[in-house]
Amino acid sequence: MRVRFAPAPTGYLHVGGARTALYNWLFARHHGGVFILRIEDTDRERSTDESVQGIQYVLRWLDLDWDEGPAVGGPYGPYRQTERLDLYRRITEELAGRNSAYPCYCTPAELEQRRKQAMARGEPPGYDGRCRNLSDDERRAFEAEGRPKAWRFAAPGRDITVPDLVHGEATFPASDIKDFVILRSDGTPTYLLAAAVDDWKMEVTHVLRGEDLHSSTPRQVLIMEALGVERVPQYAHLPLLLGPDRAPLSKRHGSVSVEWFREQGFLPEALVNYLALLGWSYDDHTELFTRDQLVEYFDLARVARNPAVFDPEKLEWMNGHYIREAVDEPLAERIHEVLGRAGVDSDLETVRLAVPVVKERMKTLSEAVGLLRFLFQEVEPDEKARALIEKAGPKHFRLAAERLSALSEWTSEEIHQALDGLAEELGLSRTKAWQPVRAVVTGSTVSPPLPESIALLGRERTVARLEAAAA
RNA sequence: GGUCCCUUCGUCUAGAGGCCCAGGACACCACCCUCUCAAGGUGGAGACACGGGUUCGAAUCCCGUAGGGACCA
């Protein structure tokens, strides 16, 4: 079994593409097949080394390893290979020899005009087959004129049924399959030809791709059949991913690239788990899966047929879960990195100690910045904090400073006791006594547990902040 | 316009004729826990697009209608 994942060379992978990659990978791994990475390269404008790098980077981050590739399909970009162009041309000639392809001399303007006429007559648009039965004389005349020619596939005029591993069979009527272009006048193949030929040459047995390619399947199958390909791949079309507005996920939804999620502090495990569940389910209640379980359980028969809306909130919840589950040490390193990128100059040692108290209060790693900033920078109390500080008054903080500086041991237990003593002395509830202290020490009314926060901050800085507030 | 695909709580979904006056999860609400925020616990509200059939019985099968999407150019 040879499974191929073929993203377009857009330079990044959006979550829809990532899900397709994941399903291909899971399918291949589940069946012990070969997972092939092939970059679809039919777009002249965007194909660059960088885009291939970008896709590889993302797949590595998600830990989706491939066995072959990256192979590049299509003829463009830095991967432009004239021998490939020759291959597509030779195959087109071969098809022509079998009466399955013919040159078309119609100009874009002519095609456009006829399309409009057809529409006006209430007929479906699409090529009318005009050049299919050109006489030799007519053909010579066009050639003499120096007209550019494209090559079209000669549709066989019969219905075609293509099986699909998630949808079952779909029959496309002959009338819907017009003679389509396979080789452009500049000698480059269209997606249809390139995909069919490359899948054939790479001996691909399974193609899992987006639903948007569903209706192009019969044309690819037709090309392969005309070529006498013995084993046409099996197709599975995955339901599209939608944005919150129910429109297919695309660049205009903004932050949908996997790279963005990485930068925001999402864990690959969370993204993989979430994506796996967008269009597939195992049973009626299991939601959290390890990678091994995913590989073991994944089954195309349980892939949904309806499109799914991408829900960032559920992803966040799941990410929070994976952060809580994460091992402290590597997590500390990642948080250290995130802090650095946010311009907070932290030291790894302190972050290590802080991890246990922050890990269960984050949905994304980037939230660590707000939670831990007070440990590494001077604080500027926010509005709520300032109000609390003002209300409590200097005496509150002077007493707190005294009690804390008198401590013989600087541990969260001792600090806890000192703060309780403060509450007692002031005749206040714990909440009322502690919140102003929190405001002064962390600059916020929200923080990790106070005694732990103070322990992390250190005696000197804590007392200094309290004394400044008492002045 | 044609063809193909799709339609269960706001969202992701379970459901392949009786187990379903529809189950789980996220989000939401309430309560508990509690030094704040979380996490955790308990409870709550919330859906079978519509209309016809078939059947003793339909979310599940059939036919229509409506809506959405993709492709064709």
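The chains referred to below are lettered A, B, ... by the order of the sequence lines, with proteins before strands, and numbering in each begins at 1.
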Using atom [atom1] of each nucleotide, how far apart are [N] and [M] to the nearest Å?
{"N": "B/rU60", "M": "B/rA47", "atom1": "C1'", "result": "15 Å"}
{"N": "B/rU11", "M": "B/rG46", "atom1": "P", "result": "16 Å"}
{"N": "B/rA45", "M": "B/rA22", "atom1": "C1'", "result": "16 Å"}
{"N": "B/rA27", "M": "B/rU34", "atom1": "P", "result": "23 Å"}
{"N": "B/rA39", "M": "B/rC26", "atom1": "C1'", "result": "16 Å"}
{"N": "B/rC50", "M": "B/rG10", "atom1": "P", "result": "13 Å"}
{"N": "B/rU3", "M": "B/rA59", "atom1": "C1'", "result": "28 Å"}
{"N": "B/rC61", "M": "B/rG24", "atom1": "P", "result": "24 Å"}

Are [X] and [Y] an aromatic pair by the rule of ring centers under 6.0 Å?
{"X": "A/W434", "Y": "A/H416", "answer": "yes"}
{"X": "A/F298", "Y": "A/Y23", "answer": "yes"}
{"X": "A/F310", "Y": "A/Y274", "answer": "yes"}
{"X": "A/F289", "Y": "A/W280", "answer": "yes"}

Choosing from [options], which nucleotide comes nearest the side chain of [X]?
{"X": "A/S281", "options": "B/rA14, B/rU36, B/rC4", "value": "B/rA14"}
{"X": "A/R302", "options": "B/rA14, B/rA38, B/rC4", "value": "B/rA14"}
{"X": "A/D176", "options": "B/rU36, B/rC72, B/rG2", "value": "B/rG2"}
{"X": "A/D311", "options": "B/rU11, B/rU3, B/rA27", "value": "B/rU11"}

Paired with [N]: which nucleotide, if any, by Watson-Crick or G-U wobble criteria at under 3.5 Å for both distances?
{"N": "B/rA66", "answer": "B/rU7"}
{"N": "B/rG2", "answer": "B/rC71"}
{"N": "B/rA39", "answer": "none"}

Does [X] make a side-chain N or O approach to OP1 or OP2 of [N] shorter than 4.0 Å?
{"X": "A/N306", "N": "B/rC12", "result": "no"}
{"X": "A/S216", "N": "B/rC71", "result": "no"}
{"X": "A/H285", "N": "B/rG23", "result": "no"}

TODO: Could you tell me whether the side chain of A/R305 has a donor or acceptor atom within less than 3.5 Å of a complementary atom in the base of B/rC5?
DONE: no

